[in-house]
Amino acid sequence: MSSRIDQKQIFIISSTFLVLFWFFGYDGITFSDDVFYILTGHAFWNGENVVNSYHFSSRFGSYIFSGVSTKIFGLNDRLATIPTLIAYIFSLLIIIKCLAFRQQQIWASVFFVSHVYLLHFLPKVYPDGLLVFWAVLIPFASIYRTSKPILSAFILVLAILIGFMTKETIIYLFPFPVILFLMDWKDRKPFKFHLWVGLFSVMLGSLYLGYFWYEFGDAFYRINSVNAGHYISEYSYNDKGGFAILKRLTITPFITFVQRSYWIWLVLAAPGVYLGLVKKQKVAFEFSLALICLLLGFWFMTTNLGFYNPIYLNPRHLIILIPVLAVLIGFGWKYWLEKRASSTYIGVTILLGALIGFFLGDYKNGAFLLVFGCALLFIGKSKLWLKKTTISAMLLIAVILSFHYQKQLKNYPKFMQELQAAVASPDQKILVVNNFVHFSREVLFPNDSVNQEKLFAIEELEHFENLAPDDFGLLIYNYYKHAYPKEAPDVEGFLELTENMGYKITDIKENQWVVFYSFSKN
């Protein structure tokens with residue numbers, strides 16, 4: 001970690017890392033919500049009416065930007081992720097601008113660009129990636145509330161509004177300006193910023209609610225559609241009894257923070273929170289308040305207004321914590337890196353996370369936390385270079401291993417090669433595929449209705465039985481075992497149906513990722 005590089009060089013190096021990961025770390029679509037956002041954004045810029053009762057359709061900010069890319073470059077899932085890359089780069093710029101000293105900027109940048117889940121969703125079309133920018137912009141704007149009260153108030157309110165138009169989890173930051181007002185009032189700071197926040201909130205909020213009132217006759221249409229969009233699944237808690245909710249509010253967050261690589265970031269941010277909330281140091285204060293709001297929201301807030309159901313702690317949901325945590329980690333870098341007493345406490349806390357990991361049988365994360373904690377505990381100030389090098393190397397190795405694991409698990413290029421080869425055969429009139437593949441057909445074969453229509457969902461047993469083709473192909477993408485294990489019965493059920501219908505397997509082509517069967521009645 002050289003102290004000679006300046007702010008501009010820190011930004012260039014870190015943003016280059018993001019660009020390289022965006023380019024080389026792409027592992028294809030996730031066959032899920034991203035498909036909806038890609039197609040909806042493309043349809044929006046083609047003039048189609050895309051807003052309806054489905055609450056995802058009201059997330060304008062989640063698909064408008066990707067739609068610009070597909071409008072310019074064509075319906076391409078790869079290029080649709082350009083806005084996410086831009087959002088990350090602008091978030092990085094804000095993080096660096098927040099901090100005054102070089103070492104703060106270096107460590108904040110390092111911990112921003114090295115979180116494995118933040119990077120995983122960099123080459124993806126998900127609202128969470130875009131929300132990273134809006135989430136960090138809110139406390140950033142508040143830093144200038146005294147020197148530039150009108151501009152900072154406008155940016156803060158606009159960021160909250162566009163954030164809400166992107167994904168509802170930004171509501172965890174709704175209390176932020178309120179708490180900030182109370183704290184400033186207690187400290188007798190100028191109120192001009194807060195008056196303008198109130199004014200802009202009324203103005204922009206009225207425009208937003210007025211749109212829904214004009215279009216649907218209900219100003220709270222978006223809120224009602226979100227509330228109605230709650231579904232019962234393995235990711236909900238209210239339908240599983242009080243014990244499930246109690247576990248979610250006590251044990252589950254700690255497990256998630258350890259298993260999903262958030263533990264180190266949260267622990268290292270602690271000195272920054274102390275400097276912000278106790279010492280009231282500027283920047284640390286604003287970002288500490290933002291972090292507290294986000295954590296309390298994720299921990300306790302309900303996803304439904306009719307009953308209590310905490311949000312499922314999907315690691316994707318939590319990536320909006322990372323830019324805020326990165327600022328606080330950078331701000332308090334001396335306390336966790338150089339000061340013996342505080343780094344000892346922090347190292348011990350990280351080792352506690354290692355114990356949790358080992359107890360859960362998560363030996364990879366447990367070992368990583370163990371080595372990281374020991375580096376803080378046992379490498380002294382006399383060998384600071386070694387401590388810095390060890391920490392940086394560990395973060396880089398984690399990124400590389402995570403990237404390699406995902407590539408090996410998914411091998412999206414191989415899947416696409418096999419899929420395209422299967423549908424290219426002139427004799428291949430029907431190709432039965434996994435349900436999630438069929439769901440994603442318009443993205444997998446953009447503007448190609450012929451090949452889209454060849455794909456047949458494996459769950460449509462009755463439809464297939466009525467169709468009863470003389471011959472057909474079956475392509476199974478083994479990624480379902482990891483991402484969609486509930487589709488296993490569909491695969492088993494379909495193979496059993498073909499046997500009952502008298503089909504014979506005439507050919508099998510198999511590799512680690514894809515299995516292709518040729519079936520015939522003759």
Side-chain angles (χ1 to χ4, degrees), residues 10-35 37-38 62 65-66 69-70 73 76-93 95 108-133 136 259-262 264-265 314-323 325-326 364-365 368 391-417 419 436 440 443-444 477-479 482-483 512-513:
I10 295 169
F11 174 72
I12 291 173
I13 294 170
S14 301
S15 57
T16 299
F17 183 84
L18 291 174
V19 172
L20 290 174
F21 191 93
W22 176 83
F23 186 80
F24 293 106
Y26 176 70
D27 63 348
I29 61 174
T30 60
F31 306 92
S32 185
D33 299 348
D34 56 333
V35 172
Y37 296 122
I38 293 170
S62 63
F65 300 108
S66 64
S69 292
T70 57
F73 302 111
N76 182 295
D77 61 280
R78 184 73 183 90
L79 299 178
T81 65
I82 290 175
T84 309
L85 173 63
I86 294 172
Y88 278 37
I89 290 174
F90 274 97
S91 299
L92 173 66
L93 180 61
I95 289 168
S109 300
V110 165
F111 279 92
F112 176 69
V113 304
S114 62
H115 193 273
V116 292
Y117 279 100
L118 185 83
L119 291 176
H120 178 71
F121 290 100
L122 168 57
K124 302 283 189 298
V125 180
Y126 273 97
D128 309 87
L130 301 173
L131 207 61
V132 163
F133 172 69
V136 75
Q259 292 188 321
R260 304 304 187 181
S261 303
Y262 287 91
I264 287 175
W265 274 252
N314 186 316
R316 171 168 54 85
H317 298 160
L318 296 169
I319 64 173
I320 64 173
L321 293 170
I322 297 302
L325 289 169
K364 290 181 180 178
N365 272 315
F368 184 84
I391 290 172
S392 303
M394 288 186 68
L395 294 173
L396 180 60
I397 290 170
V399 169
I400 293 172
L401 291 178
S402 175
F403 161 73
H404 177 72
Y405 167 77
Q406 190 65 18
K407 282 280 189 178
Q408 285 297 113
L409 174 70
K410 197 171 180 181
N411 201 340
Y412 187 77
K414 181 65 175 177
F415 158 72
M416 285 300 299
Q417 178 186 344
L419 180 65
F436 65 90
S440 309
V443 172
L444 297 173
Y477 187 18
N478 286 330
Y479 181 60
H482 170 79
Q512 180 180 345
W513 301 278

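Numbers for residues simply follow the sequence, beginning at 1. Values in this document were obtained by computation on a predicted structure and should not be read as measured data.
We find that D33 and K124 are not joined by a salt bridge, their nearest charged nitrogen and carboxylate oxygen being 4.0 Å or further apart.
Defined by atom type and a distance below 3.5 Å, a donor-acceptor pair is missing between the side-chain atoms of Y117 and R316. For the 3.5 Å distance criterion, the side chains of T30 and Y126 qualify, holding a donor opposite an acceptor. A donor and an acceptor atom, one from each side chain of Q406 and D27, are located under 3.5 Å apart.
Two residues are said to be in side-chain contact when any heavy atoms from C-beta on lie closer than 4.5 Å; Y88 and F121 meet this criterion. Side-chain contact between F415 and K410 is absent, with no heavy-atom pair separated by less than 4.5 Å. Contact annotation: the side chain of Y37 approaches that of P127 to within less than 4.5 Å [non-hydrogen atoms, C-beta and beyond]. I86 places none of its side-chain heavy atoms less than 4.5 Å from the side chain of F65. At a threshold of 4.5 Å between non-hydrogen side-chain atoms, the residues V19 and I89 count as touching. Side chains of F111 and L325 form no contact here, defined as non-hydrogen atoms less than 4.5 Å apart. Side-chain contact between W265 and S114: present, with at least one pair of heavy atoms (C-beta onward) separated by less than 4.5 Å. Put simply, the side chain of S66 does not reach to within 4.5 Å of the side chain of T81, judged on heavy atoms.
Here the straight-line distance linking atom OG of S109 with atom CG of L93 works out to 10.0 Å at 0.5 Å rounding. For the atom pair F112 CZ and S91 OG, the distance stands at 4.5 Å (nearest 0.5 Å). Separation of atoms NE2 (H115) and CD1 (I322) is listed at 4.0 Å; rounding is to 0.5 Å. Note that the CZ atom of R78 and the CD1 atom of I38 stand 11.5 Å from one another [nearest 0.5 Å]. Between the CD1 atom of I320 and the CG atom of L131 there is a distance of 5.0 Å, given to the nearest 0.5 Å.
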Could you check L321 against L318 for side-chain contact (heavy atoms from CB on, under 4.5 Å), going step by step and ending with a plain yes or no? CA-CA 6 Å; L321 293 170; L318 296 169; 3.9 Å; yes

Chi angles and distances behind the side-chain contact (heavy atoms from CB on, under 4.5 Å) call for I82, F73: CA-CA 11 Å; I82 290 175; F73 302 111; 3.9 Å; yes

When you look at Q512 and N478, which way does the side-chain contact (heavy atoms from CB on, under 4.5 Å) test go after all the steps? CA-CA 8 Å; Q512 180 180 345; N478 286 330; over 6 Å; no

Dump the intermediate steps for side-chain contact (heavy atoms from CB on, under 4.5 Å) on T70 and L79, then the final yes or no. CA-CA 7 Å; T70 57; L79 299 178; over 6 Å; no

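Here the options are V136, L18, V132, I10, the test is side-chain contact (heavy atoms from CB on, under 4.5 Å), and the partner is L92; only L18 passes. When each of L122, T16, L118 is checked for a side-chain contact (heavy atoms from CB on, under 4.5 Å) with F21, only L122 meets the rule.
Residues G129 and I319 approach most closely at N-CD1, 4.0 Å, considering heavy atoms. In terms of heavy-atom proximity, I29 sits nearest to S440 at CD1-CB, 3.8 Å. The minimum heavy-atom distance linking S69 with P83 is given by the pair OG-CD, 3.4 Å. When all heavy atoms are compared, the tightest approach of S62 to V125 is O-CG1, 4.4 Å.
Within a 6.0 Å sphere centred on OH of Y412, heavy atoms belonging to other residues, nucleotides or ligands number more than 12. Heavy-atom neighbours of H404 NE2 from other residues, nucleotides or ligands within 6.0 Å: at or below the threshold of 12.
In summary, the aromatic rings of F403 and H120 are positioned with their centroids too far apart to meet the 6.0 Å limit.
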